[in-house]
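As a basis for the values below, the full set of heavy atoms in this structure was taken, side chains included, without hydrogen atoms, waters or symmetry mates. In the text below, chain A, chain B and the rest are named by the order of the sequence lines, each starting its count at 1. Owing to the predicted nature of the structure, the values given are computational and were not obtained by experimental measurement.
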Number of protein chains: 2
Amino acid sequence: MQQEHKHNRAQVTLDDIAERVGMSRTTVSRALGGHSDVSDRTRQRIEKAARELGYRPHTVARRLATGRSFTICAITGKLPFIRDALFIEVLDVFRRQLTSAGYDLIIGSRDPGVSGVGDAISLIRQQQVDGVVLLETDIEDPLLSRIVEMETPLVLFGRSPEHPELPYVDTDGLAAISTVVEYLARLGHKRIGYIGGPPWAVCAVQRLKGYLKACRSYGVSSDGLYIEMDHSGLAEGYSAAYALLNRTQTVPTALICYSDAMAFGAMRAAYELGLRVPDDLSVVGFDNVALDDFTIPKLTSVAQRTRDIGEHLARLILSEVEGEPTNPAQVLLGTELVVRESSKPPQAQGAP
Amino acid sequence: MQQEHKHNRAQVTLDDIAERVGMSRTTVSRALGGHSDVSDRTRQRIEKAARELGYRPHTVARRLATGRSFTICAITGKLPFIRDALFIEVLDVFRRQLTSAGYDLIIGSRDPGVSGVGDAISLIRQQQVDGVVLLETDIEDPLLSRIVEMETPLVLFGRSPEHPELPYVDTDGLAAISTVVEYLARLGHKRIGYIGGPPWAVCAVQRLKGYLKACRSYGVSSDGLYIEMDHSGLAEGYSAAYALLNRTQTVPTALICYSDAMAFGAMRAAYELGLRVPDDLSVVGFDNVALDDFTIPKLTSVAQRTRDIGEHLARLILSEVEGEPTNPAQVLLGTELVVRESSKPPQAQGAP
DNA sequence: CTGTTAGCGCGTTCAA
DNA sequence: TTGAACGCGCTAACAG
């Protein structure tokens with residue numbers, strides 16, 4: 001019935017346009033592909049026709065023909081899916097950047113599924129993705145090595161000790177935790193505890209290093225005051241804090257946590273042990289998630305520059321994919337300590 | 001050097017296998033495609049060769065040839081990306097189901113990007129997806145209508161008043177909230193407040209309905225005790241609770257929230273107003289997220305059956321896509337009220 | 001049961 | 001500046 005909307009489901013092809021303007025499909029392809037060897041008049045006519053017909057290039061066909069996919073694959077850490085609010089934020093801006101550059105984002109899984117669909121290696125081999133972004137860098141990562149072998153454009157969130165030459169974006173976790181220790185030490189804390197993330201993750205190692213180094217620098221003890229956990233969730237924060245706080249002596253007066261989730265768990269543990277935050281115990285988290293402004297007390301936390309992370313990741317992977325190297329290819333981003341209600345000077349105590 | 005791993009990056013094609021076993025590519029295709037018209041001996045040889053060569057079907061080529069994509073597109077609500085913990089959980093099990101059925105999952109965006117990449121309509125038209133799952137059902141949704149017009153397999157999370165015939169999975173929010181009201185009324189609460197979600201979302205409307213209906217049933221007033229917000233986040237919960245609680249009279253002794261995030265915000269507001277939860281105010285959330293077990297106090301909440309939601313969504317969309325209708329095609333799931341520390345009988349008060 | 005032929009929509013030679 | 005012909009890897013229709 002309607003003239004305008006008859007192409008509701010059907011794909012408008014180059015041939016349709018070619019027929020409309022009475023030219024060969026090849027010419028249409030070149031005109032729309034932005035090649036220079038087409039006369040202006042022809043190009044105009046073709047573009048007009050394309051617009052009128054509502055032409056959209058058929059991505060799948062283009063992929064098969066070119067061997068490129070205009071798709072970037074992001075791979076999260078060992079967790080089954082995206083769980084972490086930080087990743088969601090980063091992915092959000094990352095995705096926007098890709099989109100405005102004409103690229104698509106697909107979330108790949110680390111391990112091959114039953115049918116071999118959707119895992120990173122298959123995606124690369126089948127040219128379904130032009131490049132890969134790894135969102136968690138581990139000390140040792142067989143997947144990472146395989147991707148490197150395949151010579152696929154690759155950018156990391158985090159530095160890899162195995163492959164130090166790769167382009168990356170990273171948050172300076174060492175400096176960040178040092179700053180937190182300094183902040184707490186300046187407040188007067190003498191026993192500052194640390195609840196660490198999984199030791200296989202590079203960023204967890206760096207942050208622990210920062211803690212230990214800063215403790216030495218500021219002359220506060222770290223003996224028996226830190227713990228490394230295998231995950232960075234609520235439950236781990238809770239049990240780690242419970243272990244650290246439920247002692248007869250050497251109880252920390254401040255607790256730095258690898259993640260905000262751990263900090264929430266830690267606050268709960270403190271509460272159950274009869275310790276008030278921040279009066280009896282200061283707590284500092286990491287990531288500055290939205291919830292930090294609504295907990296009781298509001299959580300002091302380290303803010304990563306999520307926007308910059310996403311933008312740099314996009315810039316780097318796109319330049320890798322398009323073969324136009326940008327500088328710098330390795331970006332280390334600073335952090336900001338957002339002080340809220342969960343941290344304050346320690347109570348005066350009856351220590352000699 | 002190595003014989004085994006020389007096919008590191010290159011795609012092994014059907015032709016490679018065909019050459020190896022000395023047969024035509026077509027036969028190989030049929031054998032691997034599980035068609036019945038291949039002799040057992042041939043199939044065995046072909047499968048063996050495929051295994052040895054490390055063959056993986058080239059998805060893109062298959063898509064172009066068949067017009068099918070073996071990919072399902074999930075579309076979230078009006079928020080820019082997946083923000084909600086519930087969706088993440090649902091998507092996680094949904095994704096597993098798809099994977100084990102040989103399907104891929106792609107997250108589509110609602111609105112066309114600058115370059116027309118990744119939006120749902122383009123994905124469908126270009127046969128990049130075989131079916132669509134809409135994760136939030138709105139009262140009116142132009143996108144939904146367009147997808148229906150295109151006659152694409154479609155399953156909703158939530159019932160659509162515009163398209164009541166569509167297959168869906170939904171949580172019985174009306175019954176859920178009724179149960180909560182009943183629970184609180186039985187505890188002795190006379191003034192039960194409700195903080196609602198966006199009125200354009202079907203589930204928010206249903207839950208509000210459940211609240212109003214139950215209030216009538218149990219003889220408690222709802223006058224001026226409820227509020228509808230345009231989003232369901234922390235900030236909205238906070239300001240809604242602030243508005244409801246910061247009055248000289250008619251202050252509720254219990255607050256039901258559309259989401260856990262809103263409940264967290266509400267608890268913070270109560271705290272700032274000097275109300276203790278649960279002594280002065282009971283708070284109940286919705287979604288039963290992991291954090292509920294770690295807040296202070298732990299949050300009483302309504303648990304949706306996330307696992308079932310994901311599984312049913314997968315079952316329904318797959319049967320739609322494969323053209324084998326399953327029953328029931330419309331699933332309404334119950335909920336469970338998980339009572340924790342944030343709810344208890346109201347304080348005895350000096351009312352006549 | 002198996003092979004031959006054709007075509008999915010597009011990009012890219014090579015001639016004209 | 002334009003067009004004809006070929007191929008990307010795979011599946012489907014039709015013979016044999």
Side-chain N,O (A:S24) to OP1/OP2 (D:dG3) below 4.0 Å: yes

Between C1' of C:dG11 and CZ of A:R68, the distance in whole Å: 12 Å

Phosphate-side-chain proximity, A:S29 and C:dC10, N/O vs OP1/OP2 below 4.0 Å: no

Sugar-phosphate only, base, or nothing, as touched by A:L64 at under 4.0 Å among non-hydrogen atoms: base

Minimum-distance nucleotide to A:H35 side chain [options: C:dT12, C:dC10, D:dG9]: C:dT12

Sugar-phosphate, base or nothing in reach of A:R63, heavy atoms under 4.0 Å: nothing

Euclidean distance, atom CG of residue A:D37 to atom P of C:dC14 [Å, nearest integer]: 15 Å

Spacing of B:L53 atom CG relative to D:dG9 atom C1', expressed in whole Å: 16 Å

Proximal nucleotide (of D:dC10, D:dT1, D:dG3) relative to the A:T42 side chain: D:dT1

Side chain of B:R62 - closest among C:dT2, D:dG9, D:dT11: D:dT11

Length of the line joining A:R56:CZ and C:dG9:P, which is rounded to integer Å: 17 Å

A:R68, CZ: over 12 other non-hydrogen atoms inside 6.0 angstrom: yes

Any B:T26 side-chain N or O less than 4.0 Å from OP1/OP2 of C:dT2: no

Donor-acceptor pair, side chain of A:R45 and main chain of A:V21, under 3.5 angstrom: yes

Under-4.0 Å side-chain N/O to phosphate OP1/OP2 contact, B:Y55 with D:dC10: yes

Atom-pair distance (CG on A:L14; P on C:dT12), nearest Å: 12 Å

CD/A:E19: more than 12 non-hydrogen atoms of other groups inside 6.0 Å: no

Shortest side-chain distance from B:M23, nucleotide among C:dG3, C:dC8, D:dA12: C:dG3

Aromatic ring pairing A:F70/A:Y103, orientation class (parallel under 30°, perpendicular over 60°, tilted between): tilted

Any B:S39 side-chain N or O less than 4.0 Å from OP1/OP2 of C:dT2: yes

DNA chain C: 5'-proximal contact among B:T27 and A:R30 (nearest heavy atom): B:T27

Distance (rounded to the nearest 0.5 Å) between B:E136 CD and B:L144 CG: 11.5 Å

A:R25 side chain, from C-beta outward: closest of D:dG9, C:dT2, C:dG11: C:dG11

Distance in angstrom units between B:F70 CZ and D:dT11 C1', rounded: 10 Å

